Amino acid sequence: MDRRAKVEGLLADYGRTYAEEAGIRLRNTPAPLYQVLVLTVLFSVRIRADIAVAAARELFEAGWRSPRAMAGSTWQERVDALGRARYRRYDESTASALGDGATLIVDHYAGDLRRLRDRAEGDPARIRELLREVPRIGPVGADIFCRELQGLWPELRPAFDRKARTGAAALGLPRTPRGLAELVPAAELPRLAAALVRSQLEHGPRLRAEG
């Protein structure tokens, strides 16, 4: 199977971003940018991807779609919402991280992550550094945020985190972000990155390159 066929198959079978699955309508405006940050926080522990997405949907359905709304919720309300999504074991610490993170975004960036981007002055490494100031987000979480948001913020391209690159290698695709970026138009980069992650999560060590 040639690379083009592999990529087309990946996008057809797995090419849905996690932001899309969580119901986030991505635009370069404060609310959806913050919602991607919430999703990133939820992914930043050892938990199944479907549970993290379900937790994000619960939080958003509760009305906490902006940092001010999240900061205005109580810790117990956040714990209860996470519990409804079966986001257990990490529910209490994550409820605290979400509240503290919302307060940080309001205090440092007036609730608008575009100001974080402005502060970074177009430097992807600086964006990641500033993201790591948010409670619970480390290097892996910063990579997840950039992977999901690269369609909106061109300076983040190409963003393929370790799990995406592992999936690519197992399929016989390029192992570097630049090599992967050559396989699809820029607008398709978030979908390709998500597809590689989903494929890797589903097949893991059983995944092997074909042809």
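Residue numbers start at 1 and run along the sequence shown. All values reported here derive from a predicted model rather than from experimental measurement.
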Shortest non-hydrogen contact from A195 toward L10
CB-O, 3.7 Å
Quick one, L192 and F160 - any side-chain contact, counting heavy atoms below 4.5 Å?
yes
Check whether any side-chain heavy atom of L130 lies under 4.5 Å from a side-chain heavy atom of R117, and answer yes or no.
no
Pair R162 + D143, salt bridge at N-O below 4.0 Å:
no
Distance (rounded to the nearest 0.5 Å) between I47 CD1 and Y87 OH:
5.0 Å
With the side chain counted from C-beta on, respond yes when Y34 and R65 share a heavy-atom pair under 4.5 Å apart, and no when they do not.
no
Would you say the side chain of P139 lies within less than 4.5 Å of the side chain of R132, judging by non-hydrogen atoms?
yes
Closer than 4.0 angstrom, basic N to acidic O: yes or no for K163 and D161?
no
Got R86 and R48 here, is their nearest side-chain heavy-atom distance under 4.5 Å?
yes
Within the side chain of T94, is there an N or O that forms a donor-acceptor pair under 3.5 Å with the backbone of D91?
no
When you look at E202 and Y14, which way does the side-chain hydrogen bond (donor to acceptor under 3.5 Å, both in side chains) test go after all the steps?
CA-CA 10 Å; E202 180 170 326; Y14 301 106; 3.3 Å; yes
Check this for me: does any side-chain nitrogen of one of D112 and R114 sit under 4.0 Å from a carboxylate oxygen of the other?
yes
Is atom CZ of R89 surrounded by more than 12 heavy atoms (other residues, nucleotides or ligands) closer than 6.0 Å?
no
When you measure from the side chain of R68 to the backbone N and O of V106, does any donor-acceptor pair fall under 3.5 Å?
no
Under 4.5 Å between side-chain heavy atoms, hopping through other hydrophobics if needed: is there a path connecting L59 to V79?
no
Please check this pair: side chain of K6 against backbone of L171, looking for a donor-acceptor N/O pair closer than 3.5 Å.
yes
Taking the side chain from E77 and the backbone from T74, do they hold a donor-acceptor pair closer than 3.5 Å?
yes
Heavy-atom closest pair (P30 atom, G111 atom, distance to 0.1 Å) is CB-O, 3.8 Å
Is it the case that the side chain of Q150 and the backbone of L156 share a donor-acceptor pair, with hydrogens and angles ignored and the cut-off at 3.5 Å?
no
For residues P174 and R165, determine if any side-chain heavy atom of one lies less than 4.5 Å from a side-chain heavy atom of the other.
no
Check ion pair E20-R191 (N to O, under 4.0 angstrom)
no
Side chain to side chain donor-acceptor pair (under 3.5 Å) test vs D80 passes for just one of Q76, R84, R78, namely Q76
Is the shortest heavy-atom distance from the side chain of L42 to the side chain of L82 under 4.5 Å?
yes
Note, L39 side chain near I144 side chain (heavy atom, < 4.5 Å):
no
Please say whether the positively charged group of R198, taken as NZ for Lys or CZ for Arg, lies over the ring of Y18, i.e. under 6.0 angstrom from the six-membered ring centre and within 45 degrees of the axis.
yes
Give a yes or no on whether W75 and L98 share a hydrophobic cluster (residues Ile, Leu, Val, Met, Phe, Trp, Tyr; joining criterion: side-chain heavy atoms under 4.5 Å apart).
no
When you check the side-chain N and O atoms of S44 and R136, is any donor under 3.5 Å from an acceptor?
no
